[in-house]
Amino acid sequence: MRTATLGPEERAASLAAMAERELDLLVVGAGVVGAGTALDAVTRGLSTGLVEARDWASGTSSRSSKLIHGGLRYLEMLDFALVREALKERGLLLERLAPHLVKPVPFLYPLQHKGWERLYAGSGVALYDVMSMARGHGRGLPMHRHLSRRHALRVAPALRKDALVGALQYYDAQMDDARYVATLVRTAAAYGAQVANRARVTSFLREGERVVGVSVQDAEGGGEYEIRAKQVVNATGVWTDDTQSMVGERGQFHVRASKGVHLVVPKDRIHSTTGLILRTEKSVLFVIPWGRHWIVGTTDTEWDLDKAHPAASSADIDYVLDHVNSVLAVPLTRDDVEGVYAGLRPLLAGESDATSKLSREHTVAHTVPGLVVVAGGKYTTYRVMAKDAVDAAVHGLDMRVAECVTEDIPLVGAEGYRALWNARARIAERTGLHVVRVEHLLNRFGSLTEEVLELIAADPTLGEPLKSADDYLRAEVVYAASHEGARHLDDVLTRRTRISIETFDRGTRCAREAAELMAPVLGWDKEQIEREVEHYNKRVEAERESQRQPDDLTADAARLGAPDIVPR
């Protein structure tokens, strides 16, 4: 394997290499599905490229509920195939592919009706566990259990006594979605894929009816590249229709965007040892443990405005607060909200007008010769979507190609993670870091933690926390720029770390410190540092303003008040 380093030099080399010779497969879009497709293709022996217009996971794949789950509510819809597939993937991720990134998380489901509801919901949760075990990938999670009201209130004292008559507790899993995608990209690069972010596709290259590659604009260096490939995969999520329009082809299906809004509140605002799952009139609402915080969400409403920066309105925030407060003894207020983020789910359009009823399943189509489109689906089943996309592309290649092997390919950082976890006290003693810091690093980088520790050994000041975001070490900011492909301050504060949603100031107080840490790696002068900080502050203020607006239209207009590109 090659190095998994994604620094500025590696990015430039990848762009040059992709333009130099025809690839077997080029993937457009580096969300979880695109990154997974690149890994699938390169591990089958195909020469592979991956280009992304903005940053890894900058769209949907950094703004999810951050859950790896089988989709318990899909059992109620009798979609057994989707649940079975997702449970298998959940098990693979927990046990084999990414144990450093994917962790078990408990959920409490309050029961509000005596008798029949315990039988009905309990049967569903029992089937969920049985289906997981039947696939041979459920042994890493405890089985569900039935709780009395008294027991449930001991587990979750934050609940109002009259909000439940009893409860069920079951387990799913969670991850940091943006970090997972960055790790997926690095894994693909380690196996030989050429990858570049900030590389926007401006047109498709055609020979007759056939797509033979793309034209790419380098948003960093300003150059133009023609990248030729035998097959191109469009994995652009909610931008699928826009990307297809470049070839004069909307395709055989239509992708609609559904907006999901999440709130982040401090851990002490909700007194509970478990996550919560609550029914709403449309779907479900989760209260998810997230380090020293809770993530509360989500909404499910149609969105047809700006796709790059979906805005959360005041009405969205009120909706989430109203629903979670219906069961809390001490209600949350606006002042409790540290962070807000909105993401768009790419849903395959169906007969229903309600986005909550559109398909969460995925589809793959060979819409024109040389171009495969993959769309829809769930984060949890990204690997299956990637396999199906590559299988479709392979039909257009005049060569024998190996079967998918990603079921047995751990992500970088997974190999040796458990041994290092067992040795975390010794690592703390050796490095002088507190053992909690070492655990934090291991659960973000796995065995690649040693690379972060090398930075600290070379410069001990990097072992100190950021002054206004002390969950993160200064070394993590440097490492994001030198190894993880971060090109701008926003990449670090929003996706490589989660400072933008985990602090009440949304990261503005540590923005300058972070920019100054990135500057030597990325070659920024003082003027560029100023531009990065100013751009980030404007983005935060535009988001805050959008969250004061009453509806989608006014929120979108306010959010678009901030510039999209950092000037150079």
Side-chain angles (χ1 to χ4, degrees), residues 4-6 11 14 27-43 48-68 89-90 92-93 97-103 173-191 193-199 233 235-239 308 341 343-346 362 374-375 377-387 389 406 409-414 443-446 448 476 479-481 483-488 490-498 500-501:
T5 300
L6 300 182
R11 178 184 175 279
S14 279
V27 183
V28 180
V32 71
V33 176
T37 301
L39 177 59
D40 187 293
V42 75
T43 53
T48 303
L50 173 68
V51 291
E52 162 58 43
R54 296 187 293 155
D55 185 26
W56 322 130
S58 56
T60 302
S61 295
S62 61
R63 307 177 194 188
S64 73
S65 297
K66 313 193 190 318
L67 293 177
I68 295 293
E89 295 304 310
R90 184 190 72 176
L92 284 170
L93 295 171
L97 304 185
H100 55 315
L101 301 177
V102 181
K103 305 294 179 183
Q174 70 176 160
M175 48 63 225
D176 181 329
D177 47 9
R179 171 148 299 284
Y180 189 94
V181 174
T183 307
L184 202 51
V185 172
R186 293 184 69 189
T187 307
Y191 281 99
Q194 304 293 346
V195 302
N197 54 358
R198 309 286 176 184
V233 175
T236 52
V238 292
W239 286 273
Y341 66 94
L344 301 178
R345 305 175 191 86
H362 69 275
V374 56
K378 284 160 46 67
Y379 197 113
T380 303
T381 56
Y382 82 87
R383 197 190 61 81
V384 178
M385 296 173 69
K387 173 187 179 299
T406 54
I409 303 290
L411 301 197
V412 291
N443 285 330
R444 285 169 53 75
F445 305 101
L448 297 180
E476 294 177 74
Y479 188 79
H483 286 70
E484 297 182 326
R487 301 289 304 169
H488 293 283
D490 183 52
D491 299 341
V492 171
L493 298 185
T494 306
R495 286 173 290 278
R496 301 306 183 280
T497 70
R498 292 308 191 147
S500 67
I501 58 170

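We're numbering straight along the sequence, starting at 1. All values below come from the heavy atoms of this structure, side chains included, with hydrogens, waters and symmetry mates left out.
Closest heavy-atom contact between Val102 and Ala173: CG1-CB, 3.8 Å. The minimum heavy-atom distance between Pro410 and Thr187, with the atom names listed, is O-CG2, 4.0 Å. In terms of heavy atoms, Trp56 sits closest to Ala30 at CE3-CB, 3.6 Å. Between Ala486 and Val492, the closest heavy-atom pair is CB-CG2, 3.7 Å. Here the closest non-hydrogen pair linking Ala98 and Tyr180 is CB-CE1, 3.7 Å. Across Ala188 and Val42, no two heavy atoms sit closer than the pair O-CG1, 3.8 Å.
Under the side chain to side chain contact (heavy atoms under 4.5 Å, CB included) criterion, Ser500 pairs with Thr494, Tyr536, Arg539, not counting sequence neighbours.
When each of Val27, Thr48, Val185, Thr406 is checked for a side chain to side chain contact (heavy atoms under 4.5 Å, CB included) with Leu39, only Thr406 meets the rule. Checking each of Asp176, Asp55, Asp491 against Arg496 for a side chain to side chain donor-acceptor pair (under 3.5 Å) leaves exactly one that passes, namely Asp55.
Of the possible donor and acceptor atoms, one in the side chain of Thr60 sits under 3.5 Å from a partner among the backbone N and O of Leu344. Between the side chain of His100 and the main chain of Val412, a donor-acceptor pair closer than 3.5 Å is present. Checking side-chain atoms of Arg498 against main-chain N and O of Leu493 turns up no donor-acceptor pair under 3.5 Å.
A perpendicular orientation is assigned to the rings of Tyr382 and Tyr379, their planes being inclined by more than 60° (bins at 30° and 60°).
Side-chain contact of Ser62 with Arg495: a donor-acceptor pair under 3.5 Å is absent, judged by distance alone.
One finds the CG atom of Asn197 at 8.0 Å from the CG atom of Leu6 (value rounded to the nearest 0.5 Å). Note that OG1 of Thr380 and CZ of Arg90 are 9.0 Å apart. Values are rounded to the nearest 0.5 Å. The CZ atom of Arg63 lies 11.0 Å from the CD1 atom of Ile501; values are rounded to the nearest 0.5 Å. With rounding to the nearest 0.5 Å, the separation of OH in Tyr479 from OG1 in Thr5 is 6.5 Å. Interatomic distance, CG of Leu184 versus CD1 of Ile409, reported as 12.0 Å (0.5 Å rounding). A distance of 11.5 Å separates CD1 of Ile68 from CG of Leu92, quoted to the nearest 0.5 Å.
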query: Can Lys66 and Asp177 be said to form a side chain to side chain contact (heavy atoms under 4.5 Å, CB included), step by step?
result: CA-CA 6 Å; Lys66 313 193 190 318; Asp177 47 9; 3.2 Å; yes
task: Check the pair Leu97, Arg383 against side chain to side chain contact (heavy atoms under 4.5 Å, CB included), reporting the backbone distance first and the verdict last.
output: CA-CA 11 Å; Leu97 304 185; Arg383 197 190 61 81; 3.9 Å; yes
message: side chain to side chain contact (heavy atoms under 4.5 Å, CB included), that's the test. Do His483 and Arg186 meet it? Break it down for me.
response: CA-CA 9 Å; His483 286 70; Arg186 293 184 69 189; 3.9 Å; yes
- request: Take Leu93 and Met175 through the test side chain to side chain contact (heavy atoms under 4.5 Å, CB included) and record every step on the way to the result.
  value: CA-CA 10 Å; Leu93 295 171; Met175 48 63 225; over 6 Å; no
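No side-chain heavy atom of Lys378 sits less than 4.5 Å from a side-chain heavy atom of Met385. A 4.5 Å side-chain heavy-atom check between Arg198 and His488 finds at least one atom pair inside the cut-off.
Remark: Glu476 engages Arg444 in a salt bridge, criterion side-chain N to carboxylate O under 4.0 Å.
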